[in-house]
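For reference, the structure is listed below as C-alpha cells.
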Amino acid sequence: MKDCYFSFRSVTAAQRGLRALTAAGIPAAISRTPGALAKKGCGYCLRVSEARAPETAHILRGTGVQGVWRRTGGGFEEAAYDLF
C-alpha cells in the first residue's frame with residue numbers, strides 16, 4: 001500500500017495536525033519532509049496510508065497543510081484532495 005504525505009511549513013503545524021489525527025484514531029507519523037518535497041518550502045510532514053488520505057484531508061482542512069503528495073515508484077506526485 002502506498003503512503004500519502006501531508007506537508008507543513010512548521011513543526012508546530014504538523015504537531016497540531018498529528019494531534020487531530022490521533023484524536024480521530026488515524027495512525028500517522030510526523031517526520032522531516034523528504035528531500036524531493038522539501039524544495040517546495042515545506043519542512044515537516046505527516047505520513048498516512050493512502051487508504052486513509054481522504055479522511056485525513058477532511059480532518060486536516062484548515063490546519064496549515066501546504067500540499068499532499070503520493071509516493072510513486074519513481075518519486076512523488078501531487079495528490080488531489082480538497083483541503084481548502
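Along the sequence shown, residues carry numbers from 1. Every value quoted in this text rests on a predicted model; they were computed, and no experiment measured them.
Listed by chain and number, the residues in a side-chain hydrogen bond (donor to acceptor under 3.5 Å, both in side chains) with Arg32 are Tyr44 (sequence neighbours excluded).
Going from atom CD of Glu77 over to atom NZ of Lys2 covers 6.5 Å, rounded to the nearest 0.5 Å. From Ser7, atom OG reaches atom CZ of Arg47 across 14.5 Å, with rounding to the nearest 0.5 Å.
Residue Ala51 comes nearest to Pro54 through the heavy atom pair O-CD, 3.9 Å, listed as atom of the first residue, atom of the second, then distance. Shown here for Cys45 and Thr33, the closest heavy-atom pair between the two residues is N-OG1, 3.6 Å. When all heavy atoms of Ile26 and Arg52 are compared, the pair lying nearest together is CG1-NH2, 3.2 Å. Scanning both residues, Ala20 and Ile59, for their nearest heavy atoms gives CB-CG2, 3.9 Å. Taking all atoms of both residues into account, the shortest heavy-atom contact from Ile30 to Ala14 is CD1-CB, 3.4 Å.
Under the 4.5 Å side-chain criterion, counting only non-hydrogen atoms from C-beta, Glu50 is not in contact with Asp3. For the pair Thr56/Phe6, a side-chain contact is recorded, criterion being any heavy-atom separation below 4.5 Å from C-beta on. At a threshold of 4.5 Å between non-hydrogen side-chain atoms, the residues Phe8 and Leu46 count as touching.
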Determine, stepwise, if the pair Leu60 / Val68 fulfils side-chain contact (heavy atoms from CB on, under 4.5 Å). CA-CA 11 Å; Leu60 294 180; Val68 184; over 6 Å; no
Residue pair Ser49, Cys4: steps toward the side-chain contact (heavy atoms from CB on, under 4.5 Å) verdict: CA-CA 6 Å; Ser49 72; Cys4 282; over 6 Å; no
